[in-house]
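Heads up, the thing below is written out as structure tokens.
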Amino acid sequence: LFRSNYAEADALQVGGSGGVGFGGASGGAGAASFMKNAVSGLTDGGALYLQQAAHGGNGGASSGGKAGAAGSGTSALILDDTLSATQSNFITTDISASGGDGGSGVQGTAGTAGGAATATSRVTGLDSVDSEAYSYDGDGGTSKTAASGGAVEVERVLARIDREGG
């Protein structure tokens, strides 16, 4: 938590990639990445900038076994600055999530689907609020049989409450 006329907090989390399987071994699964309210800040009438990103790991490739599943990415920020001891005049947030790429296959192994991604941003402030949420699916793994990309979901809710009086 940082207090001044300007505060910035950034968080990035990346799930690990699955290992490669050779000689009939399966590829490892990519790790999922989940972040909720990983960033915060406080100003006294200043500007607050928060950025949070979660990326799922890639599935591992396989030669003759099963390709590894892609990890999902989920990033969510829920902030009500009106409940803080002091409020920010300007709030800007960038929330993003991406799924990992599916594992690729050779020697008859099918590629796996890309990972799903969900980004959620719910921000409430007294004055200027600019909140963005981005979600990107992972690519399907390559092989002789096509694999699909992952699903995406984005939720963005902004609220600005006017101050009473002058």
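Along the sequence shown, residues carry numbers from 1.
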**Message:** Test side-chain contact (heavy atoms from CB on, under 4.5 Å) on L77 and N37; report intermediate values, then the result.
**Reply:** CA-CA 5 Å; L77 178 68; N37 298 334; 3.6 Å; yes
**Prompt:** Side chains of E8 and V39: does their closest heavy-atom pair fall under 4.5 Å?
**Reply:** no
**Fill in**
On a heavy-atom basis, the closest approach of A113 and A70 is O-CB, 3.6 Å
**Asked** Which atom pair, heavy atoms only, marks the closest approach of A11 to A38?
**Response** CB-CB, 4.2 Å
**Prompt:** Does the side chain of T120 come within less than 4.5 Å of I95's, by heavy atoms?
**Reply:** no
**Asked** Just by distance, do the side chain of D81 and the backbone of L126 share a donor-acceptor pair under 3.5 Å?
**Response** no
**Request:** Let me know which of L48, D130, V129, L50 forms a side chain to side chain contact (heavy atoms under 4.5 Å, CB included) with T93.
**Result:** L50
**Message:** I need the minimum non-hydrogen distance between S40 and A9, along with the two atoms involved.
**Reply:** O-CB, 3.6 Å
**Prompt:** Between Q51 and L12, is a side-chain contact (heavy atoms from CB on, under 4.5 Å) present by the stated rule, with each step listed?
**Reply:** CA-CA 8 Å; Q51 182 174 337; L12 170 65; over 6 Å; no
**Asked** Got a donor-acceptor contact below 3.5 angstrom from the S33 side chain to the G73 backbone?
**Response** no
**Asked** Under 3.5 Å, side chain of Q87 to main-chain N/O of G125, donor-acceptor pair present?
**Response** no
**Prompt:** Donor-acceptor pair, T112 side chain versus G103 backbone, under 3.5 Å?
**Reply:** yes
**Message:** Donor-acceptor pair, distance only, cut-off 3.5 Å: does the side chain of S143 make one with the backbone of G111?
**Reply:** yes
**Item:** Between OG1 on residue T92 and CD on residue E132, distance to nearest 0.5 Å
**Value:** 9.0 Å
**Message:** Quick check: closest heavy atoms across G99 and A117, and the distance to 0.1 Å?
**Reply:** N-CB, 3.6 Å
**Request:** Please confirm whether the backbone N or O of T43 pairs with a side-chain atom of T86, one donor and one acceptor, at under 3.5 Å?
**Result:** yes
**Item:** Gap between atom CG of D44 and atom OG of S88 - 0.5 Å precision
**Value:** 8.5 Å
**Request:** Given side chain to side chain donor-acceptor pair (under 3.5 Å), test Y49 with D94 step by step and report yes or no.
**Result:** CA-CA 8 Å; Y49 177 71; D94 288 308; 2.9 Å; yes
**Item:** Flag, side chain of T109 to backbone of G65, donor-acceptor distance under 3.5 Å
**Value:** yes
**Request:** Check for a donor-acceptor pair, side chain of N89 on one end and backbone N or O of G45 on the other, with a separation under 3.5 Å.
**Result:** yes
**Complete:** Closest heavy-atom pair, M35 versus A53, reported as atoms and distance to 0.1 Å, is SD-O, 3.1 Å
**Request:** Please report the shortest heavy-atom distance between A67 and A110, naming the atom on each side.
**Result:** CB-O, 3.5 Å
**Message:** Let me confirm one number: the OG-CD distance from S96 to Q52, rounded to the nearest 0.5 Å.
**Reply:** 8.5 Å
